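None of these values were measured; they are calculated from a predicted model.
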Amino acid sequence: MQTTLKIGTRGSPLALAQAHETQARLMAAHGMPVEAFEVVVISTSGDRIQDRPLAEAGGKGLFTKEIEEALLARRIDIAVHSSKDMPTVLPYGLELSAFLPREDARDAFVGKAAKTIAGLPHGAKVGSSSLRRQALIRRMRPDLDVVMFRGNVQTRLRKLDEGVAEGTILAYAGLKRLGLEDVTTELMPLDSFPPAPGQGAICIESRVGDLDVERMLTIIHDVPTGQALACERAFLAALDGSCRTPIAGHATISGETVFFGGLIISPDGAQSHEVKVEGPAQDAARIGDEAARTVRAKASEKFFDGWA
């Protein structure tokens, strides 16, 4: 294997924090010096397109396309991603090889006009680019004006300071990784404001058959996180999940058991269907798939009109 392991990542402060966390874990696990790594910043379409929702531009794959192209072309050796940004179908020849231990999966409300969503004045503006978050906000407070809010964490916080909106919702895990958790004014409960599948988890993508890389990553892979994400990604895949579909799902592992809760919700927040299941953690992907079929059966086909 070459002397330098090249780690591909987006260039946002959060993406770089995740890449450096991966590097630090590999250094600790293998006794490797910092000189053995190179962090390669790759600009993605998702970073460049800021004027419209991702659903209109092509979906969550916009955050991974250029990085995966670099991986296939061997310009990088591994790619570090936020798991919630990953499409359920990967390009031929690539695989998710490892997951780091999951951070807190909850969403965090950052309020300027009030500390909680319930406390916002009638008609207040709340910014979010996530259809899931938009729908859940509307379910809680149909009177609020939910506006499109793109950009990295720092950009969204700056928009709040500029008065573009009175509040926004961000992943608490991202805020913690950036040392910005103190801006949180309300932590959203997992049961009433469930997260996106994969939220809070860092995943590492590599080429299928790259045995040297596989051996390196095996040591830092967190098995419970991998099982939980297998369940959540199977739920998402069975529902054809994309940035056009408001879907929530969260799995936890306790001993040998996986506990999963999933939700599908209409974009206006008026209709929703939930499912809660549990089963052997070793069958996590099957359980996620069955949960999706259960929740789909609860909803009429009309519920899915307009979905991708």
| said: Is the ring pair Phe303/His273 parallel, tilted or perpendicular, if the boundaries are 30 and 60 degrees? | reply: perpendicular
| task | Keeping the roles fixed (side chain from Arg141, backbone from Ile117), state whether a donor-acceptor pair exists under 3.5 Å. | result | yes
| query | Any donor-acceptor pair under 3.5 Å linking the side chain of Arg138 with the backbone of Ala270? | reply | no
| message | For a quick test of reading the model, state the closest non-hydrogen atom pair linking Arg156 to Phe149 and the distance between them. | response | O-CE2, 3.6 Å
| query | Hey, quick one: are Met140 and Phe109 part of the same hydrophobic cluster, counting side-chain heavy atoms closer than 4.5 Å, chains of contacts allowed? | reply | yes
| message | According to a hydrophobic-cluster definition based on side-chain heavy atoms being under 4.5 Å apart (Ile, Leu, Val, Met, Phe, Trp, Tyr only), do Val223 and Leu26 belong together? | response | no
| Has the side chain of Thr168 got a donor or acceptor atom that lies under 3.5 Å from a matching backbone atom of Gly127? | yes
| task | Determine the sole option in Ile264, Ile247, Val277 for which the side chain to side chain contact (heavy atoms under 4.5 Å, CB included) test with Val295 is passed. | result | Ile264
| message | I'd like to know if Leu190 and Leu136 are part of one continuous hydrophobic network [Ile/Leu/Val/Met/Phe/Trp/Tyr, side-chain heavy atoms within less than 4.5 Å]. | response | no
| field | Donor-acceptor under 3.5 Å (Arg132 side chain, Pro194 main chain) | value | yes
| request: State whether the side chain of Thr225 and the backbone N or O of Phe99 hold a donor-acceptor pair below 3.5 Å, judged by distance alone. | output: no
| message | Check whether Thr88 reaches the backbone of Leu236 with its side chain - one donor and one acceptor, N or O, closer than 3.5 Å. | response | no
| Between Leu120 and Asp143, is any pair of side-chain heavy atoms under 4.5 Å apart? | no
| Gap between atom OG of Ser97 and atom CD1 of Ile220 - 0.5 Å precision | 10.0 Å
| query | Once you round to the nearest 0.5 Å, how far does OG1 of Thr22 lie from CE of Met27? | reply | 12.5 Å
| Rounded distance (nearest 0.5 Å) linking atom CG of Asp212 with atom OG of Ser206 | 11.5 Å
| Does the side chain of Ile287 reach to within under 4.5 Å of the side chain of Phe235, using non-hydrogen atoms? | no
| query | Do Pro224 and Arg102 touch side chain to side chain, with heavy atoms closer than 4.5 Å? | reply | no
| message | Closer than 3.5 angstrom, by distance alone: can the side chain of Ser128 be matched with the main-chain N or O of Arg133 as a donor-acceptor pair? | response | no
| request: For Pro87 and Arg233, work out which heavy atoms get closest and say how close. | output: O-NH2, 2.8 Å
| Note, Leu131 side chain near Pro267 side chain (heavy atom, < 4.5 Å) | no
| remark: Output for pair (Asp107 CG, Thr184 OG1), nearest 0.5 Å, gives 10.5 Å
| Asp145 CG to His122 NE2 distance, which is reported to the nearest 0.5 Å | 10.0 Å
| task | Mark yes or no for whether Asp77, through its side chain, and Lys6, through its backbone, hold a donor-acceptor pair below 3.5 Å. | result | yes
| To the nearest 0.5 Å, what is the distance between CD (Glu186) and OH (Tyr172)? | 13.0 Å
| said: Looking at Lys298 and Glu274, would you say the former's side chain and the latter's main chain have a donor-acceptor pair under 3.5 Å? | reply: yes
| request: Evaluate the criterion side chain to side chain donor-acceptor pair (under 3.5 Å) for residue pair Ser82 and Gln18; output intermediate values, then yes/no. | output: CA-CA 8 Å; Ser82 293; Gln18 294 178 160; 3.2 Å; yes
| request: May I ask you to decide if Gly198's main-chain N or O and Glu232's side chain share a donor-acceptor pair within less than 3.5 Å? | output: yes
| Looking at side-chain heavy atoms only, is the closest gap between Met216 and Ile78 below 4.5 Å? | no
| task | Find out if a path of hydrophobic residues (ILVMFWY) with successive side-chain heavy-atom gaps under 4.5 Å connects Leu16 to Ile202. | result | no
| said: Tell me whether Leu160 shares a hydrophobic cluster with Leu144, the cluster being built from Ile, Leu, Val, Met, Phe, Trp, Tyr side chains joined at under 4.5 Å. | reply: no
| Around Glu162, counting heavy atoms of other residues, nucleotides and ligands shown, do more than 12 lie under 6.0 Å from its CD? | yes
| query | If every non-hydrogen atom of Gly209 is compared with every non-hydrogen atom of Glu95, which pair is closest and at what distance? | reply | N-OE2, 4.5 Å
| task | Take Glu103 and Arg177, measure what salt bridge (charged side-chain N to carboxylate O under 4.0 Å, His left out) needs, and give me the verdict at the end. | result | CA-CA 9 Å; Glu103 248 294 358; Arg177 290 187 175 113; 5.8 Å; no
